[in-house]
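Here is the structure we will look at.
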Protein chains: 2
Amino acid sequence: MRGRGPWWQDRLQGMGARITAPRELIIEILHETDDHVSAADVYVRAHQINPSIGLTTVYRTLDMLTQLGIVQKFDFGDGKARYELVNNPNGKKHHHHLICLRCKTIMDYTEFLDEELEFVSKTQGKLSKKYNFTITDHAISFYGLCERCR
Amino acid sequence: MRGRGPWWQDRLQGMGARITAPRELIIEILHETDDHVSAADVYVRAHQINPSIGLTTVYRTLDMLTQLGIVQKFDFGDGKARYELVNNPNGKKHHHHLICLRCKTIMDYTEFLDEELEFVSKTQGKLSKKYNFTITDHAISFYGLCERCR
DNA sequence: TTGATAATGAAAATCATTTTCATTAACTGA
DNA sequence: TCAGTTAATGAAAATGATTTTCATTATCAA
Ligand SMILES: [Mn+2]
Ligand SMILES: [Mn+2]
Ligand SMILES: [Zn+2]
Ligand SMILES: [Zn+2]
């Protein structure tokens, strides 16, 4: 399942990227949270541990991880992007979202994932063949009004 | 299906909002396009027809329509929000997205919507009961690499 | 027609994200 | 192990989308 180092190192090296302290730290931080963190959130935590890390690097790293499919980037409508490790071994499992259009509250749900899995993999297969697209992830969100807002 | 005025007027009045020229024009513009338009896109077209309309009002109107569930707001990762009329009678039907993580290309797809519809309405029913949430819309997106980028 | 007030638009402010560029550090290969 | 190549970094400045402010205008109920 892995080489010498942690799983993600192979992914980076595979694309010619270097293993650096900032990258290590940022991934570690993502492992330790199960929130939907913003770049600034990650920066604060990283900076706390290693004050030499800059916000720019956090953005660059999150972006790289997103392109690699290691991290999933979300926009929940509050003006800043949110990030989550896709398959967080320490944290939460794959899930989907319920988003209130008024107060922007986000709820994770993991119910009914079996049915979803079936649906998703079926669709994914057909789409990737038809559009010649390599699908690595998906997102399903339901929008509406939460209990408090309706 | 409607009162005196167009369908959307009832929706606005229902929440105590006024029917104004800018709002009329913005909705008309949304009807006429089947792109994923940004606020600036809408502004340019609106301004062309009625130069007194301001960008601020475009933002405010799109936001209001989004909260009403008349418009759906997307973030495809290129830094600006995109909007689409949810059930555009003149334009495209409900669809989902295939998004390239590298080049940010977006493809709409409408295949397999029957299966999706079945899945979605089943899940939606269970979720809205369990979380006491009024669900008005949903989005399904698949992420990966397009033909050119992989 | 009028008054109360929601809506508007111009300009300024915000603030998340990106760019620039000089410096540092990770790997390669001798 | 060491030096050279060059990707990666961070500080500061720039960008650019969206929001706020506030004086003015327009909608609509009475
Ligand atoms: Mn989540
Ligand atoms: Mn679309
Ligand atoms: Zn809410
Ligand atoms: Zn692509």
Side-chain angles (χ1 to χ4, degrees), chain A residues 3-6 8-27 29 36-44 46-68 71 73-83 104, chain B residues 3-6 8-27 29 36-44 46-68 71 73-83 104:
Chain A
R4 174 62 49 78
W8 55 269
Q9 299 198 350
D10 303 337
R11 302 288 303 280
L12 294 207
Q13 289 174 329
M15 71 172 310
R18 296 174 179 177
I19 309 299
T20 68
R23 287 173 181 173
E24 257 172 312
L25 180 52
I26 289 167
I27 290 185
I29 287 171
H36 312 103
V37 287
S38 66
D41 292 336
V42 174
Y43 170 72
V44 167
H47 198 262
Q48 206 166 298
I49 295 172
N50 178 350
S52 83
I53 283 180
L55 178 57
T56 308
T57 297
V58 172
Y59 272 105
R60 283 190 286 228
T61 301
L62 290 173
D63 195 52
M64 154 180 259
L65 294 174
T66 300
Q67 290 194 193
L68 283 173
V71 155
K73 181 181 182 181
F74 293 99
D75 171 37
F76 293 132
D78 69 340
K80 55 195 112 197
R82 306 269 164 184
Y83 302 84
K104 311 281 168 70
Chain B
R4 176 63 51 77
W8 56 269
Q9 300 198 349
D10 303 336
R11 302 288 302 278
L12 294 206
Q13 289 173 329
M15 69 173 311
R18 296 175 179 176
I19 309 299
T20 68
R23 287 173 179 173
E24 258 173 311
L25 180 51
I26 289 167
I27 291 185
I29 286 171
H36 312 102
V37 287
S38 66
D41 292 336
V42 174
Y43 170 71
V44 166
H47 198 262
Q48 206 167 298
I49 295 171
N50 178 351
S52 83
I53 283 180
L55 178 57
T56 310
T57 296
V58 172
Y59 273 105
R60 282 189 287 228
T61 302
L62 290 173
D63 195 53
M64 153 179 261
L65 294 175
T66 299
Q67 290 194 193
L68 283 174
V71 156
K73 180 181 182 181
F74 293 100
D75 170 37
F76 294 132
D78 70 339
K80 54 195 114 199
R82 306 268 164 187
Y83 303 83
K104 312 280 169 68

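Every chain is numbered from 1, with letters handed out A, B, ... down the list of sequences.
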When you compare the protein's N or O atoms with those of nucleotides 24-28 of chain D, which come within less than 3.5 Å of each other, and at what distance?
| unit_1 | atom_1 | unit_2 | atom_2 | d |
| --- | --- | --- | --- | --- |
| D:dT27 | O2 | B:Arg18 | NH1 | 2.7 |
| D:dT27 | O2 | B:Arg18 | NH2 | 3.3 |
| D:dC28 | OP1 | B:Ile19 | N | 2.9 |

Base, sugar-phosphate, or nothing: which does B:Ser52 touch, judged by heavy atoms less than 4.0 Å apart?
sugar-phosphate
Here the distance between atom C1' of D:dA17 and atom OH of B:Tyr43, to the nearest Å, is 14 Å
Practice prompt. Show the numbers, then the answer: is there a side chain to side chain contact (heavy atoms under 4.5 Å, CB included) between A:Ile19 and A:Trp8?
Written response: CA-CA 10 Å; A:Ile19 309 299; A:Trp8 55 269; 4.2 Å; yes
In whole angstroms, the gap separating P of D:dT19 from NZ of B:Lys80 amounts to 15 Å
Rounding to the nearest 10°, end axes of the helix from C:dT1-D:dA30 to C:dA30-D:dT1 built from five pairs each make an angle of 50°
Contacts of B:Arg82 meeting side chain to side chain donor-acceptor pair (under 3.5 Å) (sequence neighbours excluded), chain-then-number -> B:Asp78
Whole-Å distance, B:Leu62 CG to D:dA17 P, equals 15 Å
Heavy-atom nearest nucleotide on DNA chain D taken for B:Tyr83 and for A:His47; more 5' hit belongs to A:His47
- Short side-chain N/O contact to D:dT19 OP1/OP2 from B:Tyr59, under 4.0 Å: no
Inset, instruction - Remember a base hit wins even if backbone is also touched, and classify A:Ala81 as base, sugar-phosphate or nothing at under 4.0 Å, heavy atoms. - result: sugar-phosphate
Contacts of A:Gly16 and B:Ser38 projected onto DNA chain D by closest heavy atom; the upstream (5') one is A:Gly16
Smallest heavy-atom separation, B:Thr57 atom then B:Pro22 atom, equals CG2-CB, 3.8 Å
Exercise for review: May I ask you to say what B:Arg60 touches in the nucleic acid, namely base, sugar-phosphate or nothing, with a heavy-atom cut-off under 4.0 Å?
Suggested key: base
By side chain to side chain donor-acceptor pair (under 3.5 Å), A:Thr56 pairs with (sequence neighbours left out) none
Sequence neighbours excluded, the answer for side chain to side chain donor-acceptor pair (under 3.5 Å) partners of B:Ser38 is B:Asp41
Rounded to whole Å, the CD1-P distance (A:Ile53 to D:dA8) equals 15 Å
Counted 5' to 3', the first and last nucleotides of DNA chain C within 4.0 Å (strictly under) of a heavy-atom of chain B are C:dT5 to C:dA11
